[in-house]
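Quick notes on the structure that follows.
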Amino acid sequence: MNDHDTPPSKAAAAVEIDSVSKVFNLGKPNEVHALDGIDLTIDDGTFVSLIGPSGCGKSTLLRLMGALTHPTEGSVVVNGKSADQARLDRDYGMAFQTSGLFEWRTVTQNIELPLQLMGWDKAQRKERALEMLDLVKLAEFGDHYPRELSGGMQQRVAIARALSFRPQLLLMDEPFGALDEMTREHMQTEVLEIWEKTRKTIVFVTHSIPEAVFLSNRVVVMSPRPGRIAADISVPLGRRNFDTRESQGFFDSITEVREALRFEGSTR
Amino acid sequence: MNDHDTPPSKAAAAVEIDSVSKVFNLGKPNEVHALDGIDLTIDDGTFVSLIGPSGCGKSTLLRLMGALTHPTEGSVVVNGKSADQARLDRDYGMAFQTSGLFEWRTVTQNIELPLQLMGWDKAQRKERALEMLDLVKLAEFGDHYPRELSGGMQQRVAIARALSFRPQLLLMDEPFGALDEMTREHMQTEVLEIWEKTRKTIVFVTHSIPEAVFLSNRVVVMSPRPGRIAADISVPLGRRNFDTRESQGFFDSITEVREALRFEGSTR
Amino acid sequence: MATRDETARAIARHERKEAVRRGVRRVVVFLAFLVALALLYTGYKAFGESINDAQTEWPVIGRVLPRTNDLTMPPIMDIVTELGQPPQRNSSKPLAAFIAEASLFTFREAAFGFFFGMMLGLALAIIMLRSRWIERGLSPYLVASQTIPLVAIAPIVVIWGSKSMGWLPFDWQPWMSVSIIATYLTFFPVAMNGIKGLQSADPAAMELMRSYAASRRQTLLKLQFPASLPYLFAAFKLAATVSIVGAIVGEISGGVPGGLGRLILDYASRYTTGPSRLYASVMGAAVLGIVVFGMVTVTEYFVMYKRQEGSAAP
Amino acid sequence: MIKRALAGAFPALVIGVGGLVLWELSLLVINPDGFLLPRPTEIFEAFTEHFDAIWSATINTGYIVVTGLIVGVILGVVWSLLVSRFRIADETLTPLAIALNAIPIIALAPIFNAWYGLLSPTSNQAIVVLLVFFPVFINTTKGLTSVGATKIELMDSYAASKWEITRMIRIPNAMPLFFTALKIASSLAVIGAIVAEYFGGSQDTLGQFIVQNAASGRYTNAWAAVVAASAMGITLYLVSGGFERVATPWRPDVDVVG
Amino acid sequence: SSDDTADTTTSTEGPMELTPVSLQLQWFTQAQFAGYYAAVAEGFYEDLGLDVEILEGGVDIVPATVLDAGGADFAESWAVRALGPREEGADIVNISQIFERSATLQVSFADQGITGPADLAGKNVGSWGFGNEAELYAGLRSVGLDPQADVNIVQQQFDMLAFIAGDIDAAQAMTYNEYAQVLETVNPATGELFKPEDLSVIDWNEVGTAMLQDGIWADATRLEEDAEYRETAVKLVQGSIMGWAFCRDNFDACVGHVLAAGPTLGEAHQRWMLNEINNLIWPASNGVGNMDADLWNQTIQNAIDGELLSVDPGPDAYRTDINEEALANLRAAGVDVDGNGWTPKEIELTEGGE
Ligand SMILES: Nc1ncnc2c1ncn2[C@@H]1O[C@H](COP(=O)(O)OP(=O)(O)OP(=O)(O)O)[C@@H](O)[C@H]1O
Ligand SMILES: Nc1ncnc2c1ncn2[C@@H]1O[C@H](COP(=O)(O)OP(=O)(O)OP(=O)(O)O)[C@@H](O)[C@H]1O
Ligand SMILES: [Mg+2]
Ligand SMILES: [Mg+2]
């Protein structure tokens with residue numbers, strides 16, 4: 001096993017989720033038990049994927065970590081403090097399925113958005129934006145508007161934006177869901193490269209088994225409503241490269257995740 | 001090799017494409033060579049997938065078969081007559097990525113749409129619609145509006161609609177592109193079931209290698225602009241079942257298609 | 001990359017040329033159509049007398065056909081020549097100049113009305129954005145407010161304007177009251193589209209702002225407001241012409257001299273002695289309406305062209 | 001269902017009643033002898049006192065409003081059917097519609113009176129028709145033309161005729177936008193009729209009732225008629241919303257207001 | 001804003017301090033108000049220490065309302081158009097009844113044979129409303145006709161087209177305005193201007209149902225409590241009467257002042273109008289501006305019958321002391337306030353009244 005699979009030695013917990021349940025519309029006729037008794041600890045610097053059938057609560061779990069919604073029961077601790085505090089401390093960045101770029105801002109201005117909100121001055125913002133553009137290999141496109149970029153390029157900008165203020169924790173909800181398979185594989189490689197460079201903790205929601213397996217140290221498989229953790233599979237593939245996708249280990253992990261999912265999916 | 005891979009014995013050609021090229025905006029600065037010198041013969045009763053990077057002309061090729069657009073050069077013959085004639089004879093059904101259901105019609109009314117256009121009377125339409133609803137396992141949902149159905153159910157309605165008038169040829173353009181992976185696999189199984197029951201010719205556009213491999217007798221790999229046929233891979237997997245996706249043959253075919261694609265993709 | 005940029009630029013140039021060509025074609029066709037309408041008007045006048053009889057004979061169509069003589073439908077040439085002639089014998093200023101001055105006057109009233117209506121509409125939209133409760137509570141009354149006929153409020157506004165605006169650092173002019181009347185019509189579409197537009201911000205983008213712990217103000221300024229611009233411009237187009245209507249009605253019922261409303265009322269009140277003057281001033285109002293509509297459209301183009309939908313570069 | 005509708009109307013009721021009380025009280029306190037803006041209770045008294053006159057004026061004005069609304073809506077729909085079908089119609093009728101809309105329609109009132117005569121209702125109806133026509137035209141055209149390309153291709157693949165495409169796709173697709181326009185148009189129609197009445201014709205109309213009373217300083221009476229006019233506008237608005245619910249059953253909760 | 005202007009005038013005008021006064025008219029600038037424009041232009045007000053600002057009227061402007069709301073210090077208004085608001089609570093009083101006669105006519109084409117109110121039965125009869133209808137209604141009732149049932153009352157527009165086009169059989173017209181407009185219009189049948197012979201008129205002064213028209217109104221309570229305001233009122237009336245006397249004696253110069261104030265209708269029309277207005281004032285049987293109690297009562301009775309008023313406003317609605325004081329001052333200065341020597345002029349109308 002090589003570097004890819006080893007979390008940094010300090011192994012502090014980036015996220016600690018303790019018997020969390022989430023009920024929407026509590027007490028109303030349209031009550032939904034989205035999550036039920038979730039326990040999950042994510043170590044600092046790991047790349048964790050959440051996978052599960054549609055509606056099983058992946059996004060809800062991610063949003064709980066980001067303090068965009070609050071648990072009905074249980075607690076969410078991020079970097080040793082409450083999720084809300086972490087949000088106010090700007091401890092994490094987010095990226096979604098649709099790139100969510102602001103079409104009225106250029107690429108650079110989009111990347112500068114969080115910095116601007118945090119009150120950075122112009123020169124600092126400029127500098128950081130250039131650095132980020134380099135990271136995602138879009139240096140020439142700083143002055144373009146999002147509509148002039150392809151879907152994959154837009155996603156890279158969104159990732160650059162999420163990373164621009166160096167958050168501790170990156171939350172990504174199906175960021176490549178809208179891309180075609182070829183572009184998607186390409187983006188996966190890029191994200192891994194970025195992850196290897198920055199070693200941020202990444203929580204990544206996806207529907208694609210190969211994607212989850214290719215990217216993460218750990219795949220958390222969820223069962224449908226009420227969402228529970230059905231399996232927690234570690235992926236010992238080592239440093240990824242072109243051949244990983246055709247390796248036996250890759251296919252084995254895929255089969256393992258598929259089995260876990262099929263078992264859960266059968267309740268539908 | 002079993003039934004799945006054997007086209008019906010008559011082996012008449014459902015589609016014959018002969019040195020077809022397609023240029024959009026001919027002579028203008030925004031001229032696009034979408035397809036170049038395509039030769040392709042599809043036997044009656046086969047399930048053929050088209051795969052290739054985004055923009056390589058898959059949809060264009062499909063639309064040429066459906067006479068929704070016309071070749072700049074070359075000829076398209078469907079069921080032994082011109083594509084246009086085939087369209088007027090209502091020889092084929094179509095299904096697209098977005099289900100394209102009419103939100104103002106109930107499920108039954110949506111399925112009845114082509115029958116209505118062909119002037120069937122009410123009782124006949126009703127009967128056929130019920131039959132189709134059974135086929136796609138949505139018998140209870142006849143009176144619902146599309147918005148009340150999940151994405152997968154909507155796609156099944158769209159397929160039922162495409163099949164309702166028993167066309168000879170089914171053209172499907174990324175019909176499952178908008179579904180999540182789990183639902184998608186489920187739908188793939190359903191389509192195969194339908195195909196096995198009806199034995200129509202199906203031309204299926206997709207971005208997903210496992211999907212193409214799982215579904216078809218034959219995977220046609222296309223290269224990017226100008227679109228050409230880069231490889232024509234037959235898939236000898238036999239009758240599909242749950243285990244197919246975890247079989248070695250499946251992974252081998254995937255690798256074969258991936259190699260063909262990577263070689264082509266490298267020109268990007 | 002360079003060649004791709006070049007072809008992209010060539011395509012953009014071509015598209016711009018195409019757009020201009022289409023625009024020119026549209027203008028030419030429309031002008032031709034206007035000429036056709038003028039011919040129709042004149043032709044109708046020629047058959048007029050016989051059609052007038054039909055008014056009584058044909059039950060429905062007869063009622064829709066205008067009666068015609070030179071008093072009810074002055075010849076187009078009369079209207080054109082009248083434009084060049086002074087409407088008053090003791091001055092040499094041609095009617096066209098009168099109409100132009102009055103249009104400017106009305107434009108000023110409408111412009112202020114538009115501005116304040118825009119502000120008020122946006123303010124209301126932002127208040128309604130605060131809570132769904134307020135939105136539900138307020139919007140029926142916004143709708144109801146527009147069913148109150150202007151003629152009922154115009155005199156009140158004019159009187160109050162002159163009475164209760166003494167505290168302002170400048171002298172309250174009657175035309176300012178007219179601007180307020182224009183405001184009354186203008187704020188409505190802005191408020192209604194404004195709230196829709198502000199709510200149209202992508203929920204994912206809203207969450208993004210929240211994840212940055214952005215303040216409400218920051219979210220409003222950086223996300224919701226820019227997201228609402230397409231809706232707002234649609235409202236502004238409506239508001240622009242409606243502000244002219246408000247100004248004209250305000251002038252007429254508030255007795256404010258100097259603008260198109262007064263001109264129309266004057267020429268209407270002595271219609272029999274010169275119908276073409278009324279026609280000319282109504283056309284002035286039409287031209288003014290089209291001009292302000294055009295101004296908003298051009299502004300929209302410059303603000304929005306960067307984010308026109310276009311397919312992503314492949 | 002009814003409970004939900006009531007819950008939906010609750011904020012409006014609170015704000016409405018609160019506003020009325022505030023209006024009444026503030027006028028009682030600040031401006032006790034003022035009569036420009038009467039108190040709600042005074043308006044209510046005037047309304048009951050002149051109920052017969054206001055009622056018959058409402059009927060007469062209502063006739064103009066409703067007939068004008070119907071004709072304007074038909075005109076708008078036919079116009080947009082033409083524009084969405086024929087390019088030459090698009091190139092001529094669309095700018096004409098925009099130009100017509102940019103004209104302050106009330107400026108045409110004296111001209112229409114000249115055309116149709118003071119005694120004919122046509123001149124007032126024409127004003128209403130022109131006001132109503134534009135939003136209906138714009139929205140319906142948008143609805144008729146903004147049909148997804150897939151839907152059209154699907155119909156092409158069935159070798160459907162142009163008319164079938166219009167009937168089965170374009171028209172249903174335009175319904176929601178059409179009804180939004182209808183709601184806007186219904187309040188415009190009331191305003192249009194009243195302003196048109198202002199320029200002469202029958203005396204037994206809301207417009208004249210308001211003007212005549214306002215002109216002789218009886219603002220309370222004028223406001224009583226304003227209330228009737230608003231009620232008519234709101235009624236038409238709600239009726240349009242009701243039609244919308246019936247005509248577009250596939251849409252979830254269509255908000256009647258807004 | 002009157003406070004502001006008061007301050008500024010104090011600081012800039014120096015020793016000769018003028019009292020700012022505003023007078024709200026009931027219609028747009030025209031010779032109907034010639035006396036006031038002349039008084040401003042000739043400096044009559046200024047000589048009395050007043051700085052008079054004349055506020056133009058409008059379609060929906062009710063001078064009495066403006067006065068009551070504090071938008072003007074004085075108002076120029078028809079009796080009924082002021083008494084309506086007064087009944088609603090406006091605190092105002094008539095201080096000078098400048099016009100003694102009514103100018104309202106009912107005009108019809110001679111061939112219709114409408115010569116008296118009785119002939120209106122069954123006809124389309126035009127009316128503007130705004131209080132103008134009371135004379136007509138009273139006239140109809142005087143011959144036993146019910147205005148609601150026996151004639152068809154039509155809301156008249158601001159112009160005479162509906163009359164000329166035949167929509168209206170008998171149209172309301174002011175002697176000084178609309179009647180002239182008809183005579184300024186080309187008769188499509190003859191190609192020449194309409195002639196007085198083509199028309200027949202009903203004059204309410206003759207029928208005996210005329211009502212009081214233009215007079216000057218003031219704030220009632222302020223008159224009682226504010227001695228300065230009362231003094232200003234006397235001066236305003238005094239200056240205005242001087243203006244009207246000037247217009248009677250210097251016809252052309254007065255027309256010039258009106259034209260300078262920017263009316264929208266032309267010179268010939270203003271000449272006609274001033275001549276007709278002079279007819280309404282002069283000769284003044286009782287000294288100009290003094291209220292004729294009989295005419296007042298006739299006005300009130302017509303208004304009540306026509307449901308324009310619900311009760312008799314009583315004797316507090318007008319006061320004569322201010323006008324009498326003004327007249328006394330003027331007589332002492334040798335101004336002719338009776339106009340017994342007035343004779344109407346022959347005014348020729350032109351097409352369009354230019
Ligand atoms: N704001 C909300 N109010 C009510 N129910 C909600 C809300 N958000 C989510 N839910 C419900 O909670 C459940 C979990 O939703 P969630 O979006 O987390 O699923 P998911 O796993 O992300 O699904 P997908 O793969 O489709 O994105 C679903 O049944 C959903 O309907
Ligand atoms: N109507 C058209 N006008 C101009 N260019 C077109 C048109 N339709 C397609 N093209 C161009 O032709 C090429 C092939 O398009 P096509 O849609 O067939 O690709 P595709 O393989 O289906 O792509 P995707 O996987 O993204 O659906 C693209 O470059 C596209 O931009
Ligand atoms: Mg989700
Ligand atoms: Mg495609």
Side-chain angles (χ1 to χ4, degrees), chain C residues 52 67 69-72 82 85-91 98 150-174 177-178 249-258 261-278, chain E residues 1-5 8 22 24-29 55-63 65-72 157-165 167 177-178 180-186 188 193-194 256 259-260 262-270 349-354:
Chain C
N52 283 353
R67 58 184 179 192
N69 54 48
D70 282 359
L71 211 48
T72 59
E82 191 75 47
Q85 270 162 12
Q88 291 173 5
R89 247 170 236 173
N90 54 354
S91 111
F98 269 90
L150 274 190
V151 287
I153 56 162
I156 300 180
V157 171
V158 171
I159 293 167
W160 275 355
S162 57
K163 181 192 169 192
S164 45
M165 294 297 175
W167 49 273
L168 288 171
F170 51 86
D171 263 355
W172 186 259
Q173 304 287 324
S177 300
V178 175
V249 175
E251 285 173 10
I252 291 180
S253 41
V256 176
R262 166 58 73 80
L263 215 57
I264 288 169
L265 185 65
D266 275 343
Y267 294 147
S269 69
R270 48 186 176 133
Y271 183 83
T272 52
T273 59
S276 33
R277 281 187 298 240
L278 177 68
Chain E
S1 71
S2 49
D3 297 344
D4 284 356
T5 36
T8 45
S22 53
Q24 174 69 55
L25 302 183
Q26 55 179 337
W27 201 248
F28 310 126
T29 303
L55 304 173
E56 217 181 339
V59 181
D60 283 351
I61 294 290
V62 185
T65 308
V66 178
L67 169 63
D68 181 64
Q157 238 190 314
F158 306 109
D159 65 68
M160 295 300 278
L161 176 64
F163 168 66
I164 290 169
D167 295 342
N177 202 358
E178 288 77 10
Q181 268 188 36
V182 176
L183 299 180
E184 289 161 352
T185 302
V186 176
L193 295 184
F194 282 109
L259 290 175
T264 42
L265 290 167
E267 180 176 354
H269 192 82
Q270 301 301 340
L349 284 168
T350 57
E351 183 181 349
E354 295 305 337

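Note on naming: letters A, B, ... go to the chains in the order of the sequence lines (proteins, then strands), and numbering restarts at 1 for each one. Side chains included, hydrogens not; waters and symmetry mates left out as well; all remaining heavy atoms used.
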Nearest-0.5 Å distance, CG of residue E:Leu183 to CG of residue E:Leu349
6.0 Å
Pairs of heavy atoms under 4.5 Å with chain C: top-ranked of E:Met160, E:Glu56, E:Gln157, E:Glu178:
E:Glu56
Suppose we screen for side chain to side chain donor-acceptor pair (under 3.5 Å). Which residues come up paired with C:Ser269, at least two apart in sequence or across chains?
none
Considering only heavy atoms, which portion of E:Leu161 lies under 4.5 Å from any heavy atom of chain C: side chain, backbone, both, or neither?
both
Side chain to side chain contact (heavy atoms under 4.5 Å, CB included) involving E:Pro63 - partner list, sequence neighbours excluded:
E:Gln24, E:Gln26, E:Ala75, E:Ser77
Hey, does the side chain of C:Tyr271 reach the backbone of C:Thr72 with a donor-acceptor pair shorter than 3.5 angstrom?
yes
Checking heavy atoms, do the side chain of C:Ile252, its backbone, both or neither come under 4.5 Å from chain E?
both
For C:Leu265, is it the side chain, the backbone, both or neither that has a heavy atom under 4.5 Å from a heavy atom of chain E?
side chain
